Amino acid sequence: MAIDLYNLTIESLHQYLKNGGKAKEVVTTYLEAIAQKNNDLNAYLEVFADALDQAEKVDQKIKENGLESLPLAGVPVAIKDNILIKNRRASSASKMLADYTATYDATVIKKLKTAGAIFLGRTNMDEFAMGGSTENSSFGVTCNPFDKTKVAGGSSGGSAAVVGADLALVSLGSDTGGSIRQPASFCGVVGLKPTYGVVSRFGLMAMASSLDQIGPMAKNVADTEAVYKVIKGLDQNDSTSVEHPLDVNEQKEVMTIGVPYDFISDGVDEEVLAIFHQTVAKLKEAGHIIKEVSLPHVKYSLASYYVIMPAESSTNLGRYDGLRYGLKGEGKNLLEDYTSSRALGFGPEVRRRIILGTYVLSAGYYDAYYGRATLARQLIRQDYDKVFDQTTKEGVDVVMTPTTPTPAWTIGAKSGDPLQTYLEDIFTVPANLAGVPAISIPQGKSKAGLPVGVQLCANHFREDKLFQLGKIIENFK
Ligand code: GLN
């Protein structure tokens with residue numbers, strides 16, 4: 001029986017396995033699709049040669065123990081190239097780490113392995129996760145599966161494109177300022193940034209540690225939730241990780257959805273706005289309550305993000321000095337060794353952020369930039385605490401905005417002007433600054449056929465509300 005990848009979900013895959021189907025056949029079908037399409041898309045940097053062997057082992061496990069103990073039995077996953085899988089390459093799409101082989105498994109990888117997942121390959125991204133289009137990859141841009149002249153988004157562009165093009169059932173990305181949700185929106189898939197701390201960052205190459213989170217991408221909310229449940233949890237190896245304190249799943253019949261209308265009124269593409277308003281109307285029709293909310297400090301999000309993120313990134317990237325690991329340049333002395341390694345290894349966007357970060361942290365400027373940005377971040381967080389406060393009658397369950405101000409842009413259209421791509425992060429960055437969970441759900445297409453997403457954001461640890469509402473709106477047609 002031919003396997004229909006387009007309609008495959010974790011549930012239907014498990015039904016197929018229960019009926020005697022084999023993970024090996026599923027993986028074979030994916031590998032055929034990859035062989036057909038990946039050259040055009042450049043979404044996988046590497047397809048793992050042992051994918052079929054992994055599938056055989058999973059089939060054996062299922063035969064011995066059944067499916068029950070393996071929540072992701074036979075699920076083909078793709079992994080962003082900044083998440084470590086033992087004995088496999090992990091380059092963060094940088095020349096700096098082109099030949100680096102991971103010596104251990106990230107915690108999320110260990111969990112996926114235990115759950116029975118099969119790793120198909122590692123996916124393209126903006127170098128060190130810095131960017132929003134995958135154009136900053138050292139290994140070529142990833143094209144959008146809906147239109148190859150457009151970007152797939154970023155930085156997890158490869159992870160979004162492989163799910164959007166049916167070259168993997170689910171994938172992992174990382175999100176520091178929108179890198180899961182924005183490409184998910186551009187490629188017509190669901191993407192979740194969990195609450196900060198809920199998913200371990202151990203084995204994720206650090207970009208900005210107080211903002212980074214790993215999260216899943218999938219074709220629907222149920223599959224996203226299934227992967228999220230496997231990868232979350234307290235981890236001794238990540239001191240910022242926490243046990244989800246409220247594993248609640250309160251199914252509310254009527255949800256209250258806050259819309260910050262003044263925040264989304266400026267600079268948003270008309271078609272994106274029209275799709276957003278359609279979703280609002282359908283929610284009302286379905287009996288949910290729409291309320292205007294105010295997030296007075298959220299307008300400072302981009303400014304504070306583009307100070308805090310480079311500050312932390314410049315510190316984290318200090319380790320790539322060409323001595324311990326990474327590309328090694330040769331100079332006449334130690335200083336020249338360092339400078340040549342970093343000049344050869346890092347692309348222009350990474351260098352820009354290191355310079356910016358070093359500047360804002362330097363003596364005399366620290367308080368003016370980093371200090372103020374941190375203060376603004378606290379105010380933004382308080383804005384969210386307030387709108388989600390369920391003890392007042394103003395409290396809402398979810399805040400809804402578009403995921404991005406525009407659909408995917410033409411490859412190259414913004415490359416000369418980094419500020420233009422920074423502005424695209426306007427709706428995604430606040431959730432990282434506040435540490436709250438946020439999800440992008442596909443909501444239709446522009447006239448040119450490009451997917452458009454809607455973003456839902458909830459209070460800390462309330463992923464359950466995102467899943468509940470997400471399942472409602474993903475069915476709006
Ligand atoms: N586009 C944002 C940036 O370039 C987000 C990156 C990310 O989330 N990794 O910083």
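Both ligands and their constituent atoms are indexed starting at 1 by order of listing. Remember, predicted model here, so these are calculated numbers, not experimental data. Residue indices begin at 1 and follow the sequence shown.
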Trainee: Do you know the tightest heavy-atom contact between Ala343 and Arg351?
Mentor: O-NH2, 3.5 Å

Trainee: For the backbone of Gly173 and the side chain of Ser156, can you confirm whether one donor and one acceptor N or O come within less than 3.5 Å of each other?
Mentor: no

Trainee: If you compare all heavy atoms of Val162 against all heavy atoms of Ala43, which two are closest, and at what distance to 0.1 Å?
Mentor: CG1-CB, 3.6 Å

Trainee: Distance from Arg462 atom CZ to Asp397 atom CG, nearest 0.5 Å?
Mentor: 8.0 Å

Trainee: What atoms in ligand 1 come closer than 4.0 Å to a heavy atom of Asp425?
Mentor: 1 (N), 2 (C), 3 (C)

Trainee: With a heavy-atom distance limit of 4.0 Å, tell me whether Tyr306 approaches ligand 1 through its side chain, its backbone, both, or neither.
Mentor: side chain

Trainee: Return a yes/no value for Met130: is any of its N or O atoms, backbone included, closer than 3.5 angstrom to an N or O of ligand 1?
Mentor: no

Trainee: With atoms numbered from 1 as shown, which atoms in ligand 1 lie under 4.0 angstrom from a non-hydrogen atom of Ser155?
Mentor: 9 (N)

Trainee: If the contact criterion is a heavy-atom separation under 4.0 Å, does Tyr305 count as touching ligand 1?
Mentor: yes

Trainee: Could Arg122 and Tyr44 be counted as a cation-pi pair, given that NZ or CZ must be under 6.0 Å from the ring centre and within 45° of the axis?
Mentor: no

Trainee: Give me the nearest non-hydrogen protein atom to atom 7 (C) of ligand 1 as residue plus atom name, then the distance to 0.1 Å.
Mentor: Ser179 OG, 2.4 Å

Trainee: Between side-chain atoms of residues 358-373 and protein atoms elsewhere (two or more places apart, or another chain), which donor-acceptor pairs fall under 3.5 Å?
Mentor:
unit_1 : atom_1 : unit_2 : atom_2 : d
Thr358 : OG1    : Ile354 : O      : 2.5
Ser362 : OG     : Tyr359 : O      : 2.6

Trainee: I need the full list of ring-ring contact (aromatic ring centres under 6.0 Å, His included) pairs touching residues 401-421, with sequence neighbours left out, sorted by first then second residue.
Mentor: Phe186-Trp409

Trainee: Keeping the roles fixed (side chain from Arg381, backbone from Leu433), state whether a donor-acceptor pair exists under 3.5 Å.
Mentor: no

Trainee: If you compare all heavy atoms of Ala152 against all heavy atoms of Cys187, which two are closest, and at what distance to 0.1 Å?
Mentor: O-SG, 3.4 Å

Trainee: Counting only nitrogen or oxygen atoms and a 3.5 angstrom limit, does Met309 reach ligand 1?
Mentor: no

Trainee: Does the residue Arg353 have a heavy-atom contact with ligand 1, meaning some pair of atoms that are separated by less than 4.0 Å?
Mentor: yes

Trainee: Lys80 to ligand 1: N or O pair under 3.5 Å?
Mentor: no

Trainee: Report, in ascending order of atom number, the atoms of ligand 1 lying under 4.0 Å from any heavy atom of Gly177.
Mentor: 5 (C), 7 (C), 8 (O)

Trainee: Between Met207 and ligand 1, is there a nitrogen or oxygen pair with a distance under 3.5 Å?
Mentor: no

Trainee: Counting only nitrogen or oxygen atoms and a 3.5 angstrom limit, does Thr176 reach ligand 1?
Mentor: yes

Trainee: With atoms numbered from 1 as shown, which atoms in ligand 1 lie under 4.0 angstrom from a non-hydrogen atom of Ala129?
Mentor: 6 (C), 7 (C), 9 (N)

Trainee: Enumerate the atoms of ligand 1 whose separation from the nearest heavy atom of Gly178 is less than 4.0 angstrom.
Mentor: 8 (O)

